[in-house]
Structure formats: structure tokens, C-alpha cells
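The structure appears below as C-alpha cells.
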Amino acid sequence: MGGLTVITGPSGVGKGSLVTQLLTRHQQVWLSISATTRAPRKGEKDGEHYFFLTVDRFKELIEEDGFLEWAEFAGNFYGTPSSQVKQKLMNGKTVLLEIELEGARQVRSSFPEAFQIFIAPPDFSELERRIRARGTDSDKAIERRLFRAKEELKAKNEFDAVVINDDLEEALHELEQLMKLF
Ligand code: 5GP
């Protein structure tokens, strides 16, 4: 049986880059592909970055108990399909979930043995700069993400560990230690 690690942190904190590096460097790590109702960003592929679903299909899956956790974030639904996660854990993989705060809280109660890591920015103004610099979201979406980021930061002490993503290499090294990836 493998282990489950949850990575949470505000939008723009650089979770994506950290996770990509972990996957490149450690073959035993498997990243769960989430389902979402948000529209694909430029370059995002269905089944690779997300499973892009309609709201109706997403709600059907909730009814069918198909999600390990799900949450609404900045006006869209996001969820972790449970079947693949369970299968990968049985195969001894280190399963990684990169999800927002509400989902992490659900996993904490349904899967208490999961290790939960919060990725924090060096400070809030840096986070705001990164969210705005991404240039892929509308002004309204950016405001929602900034509001949500403030809320998420308040919850960081609920987590088993907090990693500050200032220098990418240093943050990666810390993650590798916490996940015991040697
Ligand atoms: P984005 O739209 O930027 O790809 O993701 C927005 C937020 O949703 C991020 O904080 C991301 O971690 C989170 N997220 C992605 N997939 C899931 C999921 O399956 N469940 C939950 N709860 N959050 C998710």
C-alpha cells in the first residue's frame, strides 16, 4: 500500500511547478488528475491537466459517490475521482493530490493517515504579483482568487507541514524530505 500526500496552497503560490518537478524526479509518485467544470486554459488538455466536465456531469458523479473529495472554488467545481486513487495506492504508489483547502479538509476526515502539506508564499504581495502576472484569468477571476488566497493562508496551521516557496530548489528539497523521497 502506498501513501497519500495532499498539497494545498493559495492560487499562484507555485504548487504546479513544484509538483511537476516532483513527478519528473520521482517515478514512484503519481499525481491524481482532477475533474473540473472550469474552462480549459490555453494549452490545457482534457485527461492530462484535468478532466473537463459539464456541471451536470460533475453533479452526476457527486451523486454516484465518485469523488474522494470535491469543492467549489472561485465559481467552479473541482474534485478528485476516487477509483484511480484507490487503485494506485493498492499498487504501492505515492499518490499526490494537489487540491484547495476545502478538499484538503475533507480528505483529513475521510483519510486521516494522509500527510498534508501547505505551500505558502514568502509574503502576500509576492503572491498577488504572481497571480496577476499569470495573465490567464479575467479581472473578476483574479479578485476571487486573491480573496480566496487570503482565506487559505489563515488555515496553514491546520497542516502537518508548511513549506515556503521562495526558492524553488529549496522548497523542492523540503518536500522531498517530508515525503521521504530519497
Ligand atoms: P486552477 O483553476 O488554478 O487549476 O485550480 C484552482 C484551485 O483548485 C487550486 O487551488 C487547485 O489546487 C484546486 N484544485 C484542483 N483540483 C482539485 C480537486 O480535485 N479538488 C479540490 N478540492 N481542489 C482542486
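For ligands, and for the atoms within them, numbers begin at 1 and follow the listed sequence.
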Short N or O distance, [X] and ligand 1, threshold 3.5 Å exclusive:
| X | result |
| --- | --- |
| E100 | yes |
| R41 | yes |
| A35 | no |
| S34 | yes |

Taking atom 15 (C) of ligand 1 as the reference point, the nearest protein heavy atom with its distance: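 Among all protein heavy atoms, the one nearest atom 15 (C) of ligand 1 is Y50 OH, 3.3 Å.
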For atom 12 (O) of ligand 1, find the nearest protein heavy atom and state the residue, atom name and distance (0.1 Å precision).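 The closest heavy atom on the protein side is E98 OE2, 2.6 Å.
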With under 30° as parallel and over 60° as perpendicular, where do the rings of F77 and F58 fit, or are they tilted in between?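 Ring orientation, 0 to 90° scale: parallel.
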Given the rule in the side-chain contact (heavy atoms from CB on, under 4.5 Å) test, do L175 and I7 qualify, once you have shown the distances and angles that lead to the verdict? CA-CA 10 Å; L175 278 179; I7 290 191; 4.2 Å; yes
At a 4.0 Å threshold, what atoms of ligand 1 neighbour a non-hydrogen atom of [X]?
| X | result |
| --- | --- |
| T80 | 19 (O) |
| E69 | 18 (C), 19 (O), 20 (N), 21 (C), 22 (N) |
| G103 | 22 (N) |
| G79 | 18 (C), 19 (O), 20 (N) |
| K15 | 9 (C), 10 (O), 11 (C), 12 (O) |

[X] with [Y]: basic N within carboxylate O range, under 4.0 Å:
| X | Y | value |
| --- | --- | --- |
| E169 | R25 | yes |
| E102 | R105 | yes |
| E63 | K59 | no |

Report the part of R145 (side chain from C-beta onward, or backbone N, CA, C, O) that has a heavy atom under 4.0 Å from ligand 1; answer both or neither where that applies.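 It is the side chain that gets close, since no backbone atom is under 4.0 Å.
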Using heavy atoms and a threshold below 4.0 Å, how should the contact between R38 and ligand 1 be classified: side chain, backbone, both, or neither?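 The side chain, only.
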Is it the case that more than 12 heavy atoms not belonging to K156 sit under 6.0 Å from its NZ atom?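 No, because the 6.0 Å sphere around NZ of K156 holds 12 heavy atoms or fewer from other groups.
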State whether the number of non-hydrogen atoms from other residues, nucleotides or ligands found under 6.0 Å of F124 atom CZ is greater than 12.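 Yes - once you tally the heavy atoms of other residues, nucleotides and ligands closer than 6.0 Å, there are more than 12.
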Under the 3.5 angstrom rule, does the side chain of E100 hit a backbone N or O of G103 as a donor-acceptor pair?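 Present.
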With no hydrogens and no angle check, just 3.5 Å: does a side-chain donor-acceptor pair link S125 and D123?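 Per modelled atom types, S125 and D123 side chains form a pair under 3.5 Å.
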contact_flag S11 ligand 1 heavy-atom lt 4.0 Å: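 Judged by the 4.0 Å heavy-atom criterion, S11 does not count as contacting ligand 1.
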Option set F73, F51, Y78, criterion heavy-atom distance to atom 2 (O) of ligand 1, minimum: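 The residue whose heavy atom sits nearest atom 2 (O) of ligand 1 is Y78.
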Do we get R108 above F159's six-membered ring, with its NZ or CZ under 6.0 Å from the centre and within 45° of the axis?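 Here R108 passes the 6.0 Å and 45° test against F159.
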